[in-house]
Amino acid sequence: MGEFVLPKLGADMSRGRLVEWVKKPGERVARGEVIAVIETDKANVEVEAYDSGTLEKILVAPGSEWLPVGTPLAVIGGEEVQSAPAPEVPRAPPTLPVSAPRDSPPAPAPRAPARAPEAPRPPVRPREAPRAAPAPRAAEGARLHVSPAARRRAQALGVDIATVRGSGPDGRIVLEDVEAAARGASLAAPVPAADKRTRMREAIAAAMARSKREIPHYYLATTIDLGRALAWLASYNAARPVTERMLYGVLLLKAVALALRQVPELNGFWIEGHAQVSEAVHLGVAISLRGGGLVAPALHDADKLALPELMTRLQDLVTRARASSLRSSEMTDATITVTSLGERGVEAVYGVIYPPQVALVGFGKVVTRPWAVDGAVRPREVVTATLSGDHRASDGHRGGIFLDALDRLLQEPENL
Amino acid sequence: MTNDEIKAKVLAALAAVAPELEPDQLAPGANLRDELDIDSMDALNFLVGLSKAFGIDVPEADYRKLSTLDAIVGYVAARIGKR
Amino acid sequence: MAKLTYREAVRAAMREAMAADPRVFLMGEDVGLHGGAFAVSMGLFEEFGPERIRDTPLMESTFVGAGIGAAVGGMRPIVEVMTINFSLLALDQIVNTAAALRHMSGGQLSVPLVVRMASGGGRGLAAQHSHSLEGWYAHVPGIKVATPATVADAKGLLLAALADPDPVLVFEHATLYPMEGEDADDTPMTLGRAAVRRAGDDVTIIAYGGSLPKALAAADALAAEEIAAEVLDLRTLRPLDVEAIVASVAKTHHAVVVDEMWRTGSFAGEIAAIIMERAFDELDAPVARVASAEVPMPYSKPLEDAALPSAEKIVAAARRLFS
Amino acid sequence: MTLERLPPHAPAIERDHAHQLLRQMLLIRRFEERTEERYAAGKIRGFLHVYIGEEAIAVGAMRSLTDDDAIVATYREHGHALARGVPAGALMAEMFGKANGCSRGRGGSMHMFDASRRFYGGHAIVAGGIPFAVGLALADKMQGQSRVTACFFGDGAVAEGEFHESMNLAALWKLPVLFMCENNQYAISTPLATSHSEPDLHLKARAYRLPSEAVDGMDVCAVETAVARAAASVRRGDGPYFLEFRTYRFRGHSMGDPQRYRAKEEVAQWEKRDPIVQFIDRLAREGLVTDVEIAAMERDVANEVAWSVEEAEQGPWEPVEDLEKDVYTPTDG
């Protein structure tokens, strides 16, 4: 028996609204399958189930009001809960090394397979007791009773503690409440409805303010000759119909993904004072939304995808991002962010890292510049690549190696 | 296919990438990229839409010709006509 | 492994040490023919004679002080103080001399002395024979404090104490003497290592000495309520295995400290402070203490039971952390 | 308190021997005068209890003990340490709190140790060192050693329970302890008669069946003779022995003692029996010392004291990183 709760889909998400139930009561749900569509301050997100079983009961109807992260939405029951294998799940590899400390995975991790090791932990007490008698929420301005462990976990997971309802003694917010909130499970006072764009602004504001407050950024830039890459791409596209063509951005993404293998400390998270390098490379692609705002959903395993596949995934991701139909895992488990503002003529981007990630790669506009080649000055198409690094997790020297690797990779587009 | 029919299909393809588009307010000569905040991905998706609607494939070399609504309608008309 | 009682294990350790090392001897009140007030040294007098099993007059301060002198003089004395309450008569020697000698001599003198004493309540011995003051001694740098809670530790920790170059006080909770258990194996024990006596994920019950059986019983009861308690036996209060405490609390996020000392100024308070200092961010609830009532130990059984920690009180304290 | 004369005691004495005793008493006197001065200058902190007036006891007693015997003393132990042979520099440096002090600056004036000379402190809990001395003697007895543990304590300690327990245990177990009570008439400010129902302290030991004597503590030769006799008895295995030395401290209990509890006249009266002055008088009378020899001795002692101050001044402080060193014995691994 499991509760399906409103999941935390990003460091800056504190609430969501149920848009649609994809599964109906009585239907089988496999872990990792899309069960519902949730509206967040940023996008509509297809949310996956964490348990396999039968969708027994729906607790919240679509179109309901804003709900705090952690609100129970449905009951998934059945004999196979937890013990069921999850063959349907397309991607098995956990986001983070298995040896990571128990409380390591931040919000980005709660993709079903990665959660498996934690799932069997038995409840500390009968669930019903605290749920049946939730303590009143602390009055406005009153000090919240939060256990130290819960407070720290909330910080790591980016959970706004004020939105979590405590189930501990005297209504104290305890560790499990925060963890539940991160995957979904508590109640909080409704937040006044606001204009969607305003809400997204607030969400971005929270994440970016936290980043600038906590992360000691360093910035590096290099100019990369894109001549060979663009020439290779032109010949590639010339031979293909429009449906099979690639954007040069795909080359940049693949090159970033491969360069990260050489400087892995840029790919991962800073959590609770420790760097956690991710084995998988999930590129968060910054996608500006029409009318303002942005999301940075993940292109999973970008380092392992062939360019055409990467293009297809990117196209799908951008389309769904702009149609507000991202999946929960895409929203949460990027290991680094890549942003390109070249479309609007920007020459260089010095980006703000999206916590708890530790790096952001930026690309500007492709411009033609005089360039010294073999002793002669020639016009070449170049792009300025920048790296914003978290100095707690890496040093400028390593960042420089990354940019250098990026440059070299882009000189051999056929090998990308 | 008349130019109006072409224009209607083009607008439909545009609307797929720029849902907030209000056709009446789009000046025929306005630069679409600036007017509609079209980026390269939108452009590519739009071309895919054109390809489906008209059965034509736009080579990369022609992309720069498709800057305004009028230009697109003209380009499509010419391409259809050529067949 | 053979079964024996805690009392026999202490005796076995003394016998083994005396057989192996002619410097080891026992002195105290009634330790000779009488075999000790708690029959711990029974038979040793016959075996080792009056030179090495020395009955002393009633003079706790002086026979402990003489033990210090003998230790500095090259012997390995074991001094038995009949009960912990009587040790207060020797507090001067323990604190002002045994603990201080090495430091105030600039490292010139070590005091390899072992002082054993029966401690704790639960036997109807009232207000002058029943207390738990080991935390007072653990307060003092320069001495070490062992509180064996199992039969194996009764032997192993005493042998470790005898092997130690510094003064070690061994507190034998008197209710443990008749307890049967497995003998220690031959692996030498080290002072300063706690032991997880039962593993669990939900709450750490920290106990030592006579409180360990109560903690284990409480863990059994909690298991029935789906609360998986980890029971950590401190084994020695000084040196204290801080890392073990922190590691367990980091795992369970909840702690109940069981201590037979009076709550005010109890050693449990020290443990709680350490958890606060070292594992504050791991806590999911305040540290709970189960300690003795603030009253000289009463004689009547219902009152004494009420004054002491019990498995039920530990269970209740653990439960309160969750509800 | 009136001055009490014990029977005159003047055994014959060799010239060299006499000079050695005199020099040691002078060294203690001049050394301590210098510590008072350094204390006033703020170089020595805490309590400083000087032995001035009582030098004959430590000097006479040590003369009758062997290097193998153990010494346990009190917080007024500068004289005993010097008489035992602990270098003046190590003692002065200890009082300065320096790392080259005999206790590495951990003990100070009240806790001087030199294990290499079997000088076991330096105990500042009155009577606290007595059971310790009993234990050292117990160890010797159990190990078959024929050596003596000499335990010094004051008249104040005789009122403590540990004194009585220790007399009893040492007598009961026939332990080789030589109990030496330095009765300087006052426990800080409390006169003997106010502390003790039986002010004849050596009689108390009799109750425990110890042989005991009262000795003139201002007469170095009397002390030496008595200790030789007592130590021989102890060494023979006849069990503990108790000596009470009647003496007087010329200074207050410690530095800054206003001494309201005794009359200046009383002090002046005792000062007439200054052990050094008395001894010089006797030696001069017997033609065993000349003014020139005394002047040379004074000069020599002054040099040694000056050198000790120099050693203390130049000595290093123990690094603060070593604060917690020497609480426990380091063990391998």
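Here is the naming used below: chain letters follow the sequence lines, and residue numbers restart at 1 for every chain.
Between the side chain of Y120(D) and the backbone N or O of L109(C) there is no donor-acceptor pair closer than 3.5 Å. Put simply, the side chain of E165(D) never gets that close to the backbone of P57(C): no donor and acceptor are under 3.5 Å apart. Judged by distance alone, the side chain of Y328(D) and the main-chain N or O of G142(C) form a donor-acceptor pair under 3.5 Å.
For the side-chain contact (heavy atoms from CB on, under 4.5 Å) with H103(C), the lone residue among R104(D), K325(D), R106(D), H111(D) that qualifies is R106(D).
Across all their heavy atoms, S61(C) and P131(D) have their closest contact at O-CB, 4.3 Å. The shortest heavy-atom contact between L169(D) and A66(C) is CD2-CB, 4.3 Å. Nearest heavy atom pair, residue A70(C) against residue A139(D), reads O-CB, 3.6 Å. For T329(D) against S110(C), the heavy-atom pair with the smallest separation is OG1-OG, 2.7 Å. Pairing each heavy atom of R102(C) with each of P330(D), the nearest pair is NH2-CD, 3.4 Å. Shortest non-hydrogen contact noted between F25(C) and L138(D) is CZ-CD2, 3.8 Å.
Note on D164(C), D92(C), T97(C): by heavy-atom pairs under 4.5 Å with chain D, the leading option is D92(C). Taking L58(C), L101(C), V64(C) one by one and counting their heavy-atom pairs under 4.5 Å with chain D, the maximum is reached by L101(C). For chain C, the option among Q143(D), R118(D), Q145(D), E94(D) with the highest count of heavy-atom pairs below 4.5 Å is Q143(D). Options G67(C), G107(C), G106(C) differ in how many heavy-atom pairs under 4.5 Å they form with chain D, and the most are formed by G106(C). Of all the listed residues (G65(C), S105(C), G73(C)), the one sharing the greatest number of non-hydrogen pairs under 4.5 Å with chain D is S105(C). When each of I130(D), V134(D), D140(D), D114(D) is scored by its heavy-atom pairs under 4.5 Å with chain C, the top score falls to D114(D). Contacts with chain D were tallied for Q108(C), E51(C), R23(C); Q108(C) has the most, counting heavy-atom pairs under 4.5 Å.
Of the atoms belonging to V79(C), not a single heavy atom falls under 4.5 Å from chain D. With a threshold of 4.5 angstrom between heavy atoms, H123(D) approaches chain C through side-chain atoms but not through N, CA, C or O. Looking at L175(D), neither its backbone nor its side chain comes within 4.5 Å of chain C, counting heavy atoms on both sides. If you measure heavy-atom distances from R238(C) to chain D, the contacts under 4.5 Å come from the side chain alone. Proximity to chain D is absent for every atom of L89(C), based on heavy atoms less than 4.5 angstrom apart.
Annotation for H139(C): atom NE2 does not count as buried by contact number, only 12 or fewer foreign heavy atoms lying within 6.0 Å. Annotation: R209(D), atom CZ; neighbour count of heavy atoms from other residues, nucleotides and ligands within 6.0 Å does not exceed 12. By the neighbour-count criterion of 12 heavy atoms within 6.0 Å, atom CZ of R193(C) is sparsely surrounded, having that number or fewer from other residues, nucleotides or ligands. By the neighbour-count criterion of 12 heavy atoms within 6.0 Å, atom CZ of F86(C) is densely surrounded, having more than that number from other residues, nucleotides or ligands. Atom CH2 of W136(C) has 12 or fewer neighbouring heavy atoms from other residues, nucleotides or ligands inside a 6.0 Å radius. Atom CD of E47(C) sits in a crowded spot, with more than 12 heavy atoms from other residues, nucleotides or ligands closer than 6.0 Å.
Side-chain contact check for I125(D) versus Q93(C): every heavy-atom pair is 4.5 Å or farther apart. Looking at F132(D) and T62(C), their side chains never come closer than 4.5 Å, going by heavy atoms from C-beta outward.
The CE atom of M167(D) lies 10.5 Å from the CE atom of M59(C); values are rounded to the nearest 0.5 Å.
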